[in-house]
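Naming: A, B, ... by sequence-line order, numbering from 1 per chain.
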2 protein chains.
Amino acid sequence: MSSLPVSDAELLRLDHQVCFSLHAASRAFGGVYREALKELGLTYPQYLVMLVLWEHGPEPVKRIGERLRLDSGTLSPLLKRLEAAGLVRRERSAEDERSVIIRLTGAGTELRERALPVPRRMLAATGLTVEELRTLRGLLGRVTGALDAT
Amino acid sequence: MSSLPVSDAELLRLDHQVCFSLHAASRAFGGVYREALKELGLTYPQYLVMLVLWEHGPEPVKRIGERLRLDSGTLSPLLKRLEAAGLVRRERSAEDERSVIIRLTGAGTELRERALPVPRRMLAATGLTVEELRTLRGLLGRVTGALDAT
DNA sequence: CAGGAATGAGTTGTGTGCAACTTGATTGCG
DNA sequence: CGCAATCAAGTTGCACACAACTCATTCCTG
């Protein structure tokens, strides 16, 4: 809560700056991740999908989409590329024929070892302290929640 | 700055959460902006370009790209769409024939009036206080600076 | 002053991201 | 039971975002 009055003009500038900062930060992260993931042959969204599978095991497309807030229009071609790369298999669910289960292959499981050093490099590259990272995560989470509720 | 020891595993999880939060927040903002800008016929990146032109007047493509951290591969088609929409003109610079100056048309200038209420709606939708917005802007700016320096 | 390096736009190709739609399977209500 | 509503994937179309490239112009150095 600010104890000082804030002019309308300043508010509008602040909004622009926050939105722009978010846009810029997201792309800056993307750039560094792109570099870090290049040797793994993964893009950042593909890496996010692999993280989900490494952590939770086989999951239907729908569930992955819920975790990452991505729809089938984004996930379907992405998963096809992961399948073409030999990292996952896509198999129709037996219980519900509408559903497709995504399962790691041997190569997909093994890739985890090579991916382990990535987050540490990213963490160092941000230049933030653990406290600041927690603050950032908290604020971003609240913003996302509020915006999604709109 | 943390006074408590932090395990490696927790650090890695924190990194994932921050990166994912950033990705998610950026897309959540995009979604709300998409809605707010729909009646103006602008996408969010197009809106960013218009903001630059409204604030700074005619500028070469290069300068706009520096302000928004976008390269010509992104800006060229985007500016062509703005030109097709009748909002800007593209004219070769007289001093430097390599350079293209982007200039608002009458319609582009007038659009500003209709765009004015947008940031206030966004500000309200975030649900954050002014203090929190400043903190968020500061952290994002530092992250982007650090990542760009890599 | 000449010619190669550097610069500013633009083009091409790949990969998201999302809206709108299609297809096939399941659910549930009358 | 039967059929409409719902649901999960996938497809299509459009708009970024970026790497790698081309082309024309300008700079700069020998």
Side-chain angles (χ1 to χ4, degrees), chain A residues 20 22-35 37-38 40-50 59-66 68-85 88 90-102 147-148, chain B residues 20 22-35 37-38 40-50 59-66 68-85 88 90-102 147-148:
Chain A
F20 173 72
L22 201 52
H23 202 63
S26 181
R27 281 183 294 125
F29 254 105
V32 179
Y33 259 116
R34 199 178 351 268
E35 197 57 37
L37 294 173
K38 192 190 296 180
L40 302 186
L42 293 176
T43 65
Y44 178 55
Q46 289 167 5
Y47 172 70
L48 289 180
V49 170
M50 295 301 285
E59 294 215 304
V61 174
K62 182 77 192 312
R63 191 89 187 80
I64 298 174
E66 286 168 359
L68 303 179
R69 295 167 188 274
L70 292 173
D71 69 0
S72 69
T74 300
L75 278 177
S76 284
L78 188 157
L79 291 169
K80 276 191 176 179
R81 282 187 283 271
L82 287 182
E83 186 180 42
V88 306
R90 299 185 306 146
E91 35 191 63
R92 221 88 215 176
S93 166
E95 305 96 57
D96 187 341
E97 293 271 336
R98 294 173 302 182
S99 191
V100 168
I101 310 296
I102 307 300
L147 292 176
D148 279 352
Chain B
F20 173 72
L22 202 51
H23 202 62
S26 181
R27 280 183 294 124
F29 255 105
V32 180
Y33 260 116
R34 201 179 348 272
E35 197 56 38
L37 294 173
K38 193 189 296 178
L40 302 186
L42 292 176
T43 64
Y44 178 56
Q46 289 168 6
Y47 171 70
L48 289 179
V49 170
M50 295 300 286
E59 293 215 306
V61 174
K62 183 76 192 312
R63 191 89 186 80
I64 298 174
E66 286 168 0
L68 303 179
R69 294 166 191 276
L70 292 173
D71 70 359
S72 69
T74 300
L75 278 178
S76 284
L78 187 156
L79 291 169
K80 276 190 176 180
R81 282 186 284 271
L82 286 182
E83 186 179 40
V88 306
R90 300 185 305 146
E91 35 191 62
R92 221 86 216 179
S93 165
E95 305 96 56
D96 188 339
E97 294 270 337
R98 292 171 303 183
S99 191
V100 168
I101 310 295
I102 307 299
L147 292 176
D148 280 351

**Q.** B/Asp148 CG - D/dC18 P separation (whole Å)
**A.** 10 Å
Q: Indicate yes or no for a side-chain donor-acceptor contact from B/Gln46 to the backbone of B/Thr43 under 3.5 Å, with no hydrogens or angles considered.
A: yes
**Q.** Upstream residue (5' side of DNA chain D) when A/Arg63 and A/Arg34 are each assigned their closest nucleotide
**A.** A/Arg63
Q) Whole-Å distance between C/dC18 C1' and B/Glu35 CD? A) 13 Å
Q | Whole angstrom value for the distance that separates P of D/dC16 from CZ of B/Phe29 | A | 19 Å
Q. Between the base of C/dG10 and the side chain of B/Ser72, is there a donor-acceptor distance below 3.5 Å?
A. yes
Q) Is the backbone N or O of A/Phe29 less than 3.5 Å from a side-chain atom of A/Arg34, with the two atoms forming a donor-acceptor pair by type? A) no
Q: Let me know the distance between CG of A/Leu82 and C1' of C/dG15, rounded to the nearest Å.
A: 12 Å
Q. Closer to the 5' end of DNA chain D via nearest nucleotide, is it B/Asp96 or B/Pro77?
A. B/Pro77
Q: Name the closest nucleotide to the B/Leu78 side chain, picking from C/dT16, C/dC18, D/dC16.
A: D/dC16
Q. In terms of side-chain heavy atoms of B/Leu70, which of D/dA9, C/dA9, D/dC18 is nearest?
A. D/dC18
Q. Does A/Glu95 or A/Tyr44 map to a spot on DNA chain C nearer the 5' end, using the closest nucleotide for each?
A. A/Tyr44
Q: Taking the six-membered ring for Trp and the single ring otherwise, decide whether the centroids of A/His23 and B/Tyr44 are under 6.0 Å apart.
A: yes
(Q) Could you check whether any side-chain heavy atom of A/Ser99 comes within less than 4.5 Å of a side-chain heavy atom of A/Val61, counting everything from C-beta outward? (A) no
**Q.** Closest listed nucleotide, where the reference is the side chain of B/Thr43 and the choices are D/dC16, D/dA9, C/dT26
**A.** D/dC16
**Q.** Nearest-nucleotide pick for B/Arg27, side chain only, options being C/dC18, D/dA9, C/dG10
**A.** C/dC18
Q.
Please pick, from D/dA17, C/dT16, C/dA25, the nucleotide with the shortest atom-to-atom distance to any side-chain atom of B/Thr74.
A. D/dA17
Q.
How many whole angstroms separate atom CD1 of A/Ile102 from atom C1' of D/dG10?
A. 12 Å
Q) Within this structure, what is the CG-to-P distance between B/Leu79 and D/dA15, rounded to whole angstrom? A) 14 Å
Q: Please state whether the base of C/dT26 and the side chain of A/Arg98 form at least one donor-acceptor pair under 3.5 Å?
A: no
Q: Please determine if a side-chain N or O atom of B/Gln46 lies less than 4.0 Å away from the OP1 or OP2 oxygen of D/dA15.
A: no
**Q.** Residue A/Lys80, side-chain heavy atoms: nucleotide from D/dT11, C/dG15, D/dA9 that is nearest
**A.** D/dT11
Q | Distance in angstrom units between A/Arg81 CZ and C/dG17 C1', rounded | A | 11 Å
**Q.** Below 4.0 Å: OP1/OP2 of C/dA25 and any side-chain N or O of A/Ser99
**A.** no
Q: Ignoring the backbone of A/Asp71, work out which of D/dA9, C/dG10, C/dC18 is nearest its side chain.
A: C/dC18
Q) Is any side-chain N or O of B/Arg92 closer than 4.0 Å to OP1 or OP2 of D/dT25? A) no
Q. In whole angstroms, how far is the C1' atom of C/dG8 from the CD1 atom of B/Ile101?
A. 11 Å
(Q) Any heavy-atom pair between the side chains of A/Arg92 and A/Arg98 that's under 4.5 Å? (A) no
Q | B/His23 side-chain N/O to C/dT16 phosphate OP1/OP2 under 4.0 Å | A | no
**Q.** Flag side-chain contact, heavy atom, 4.5 Å: B/Glu83 against B/Ile102
**A.** no
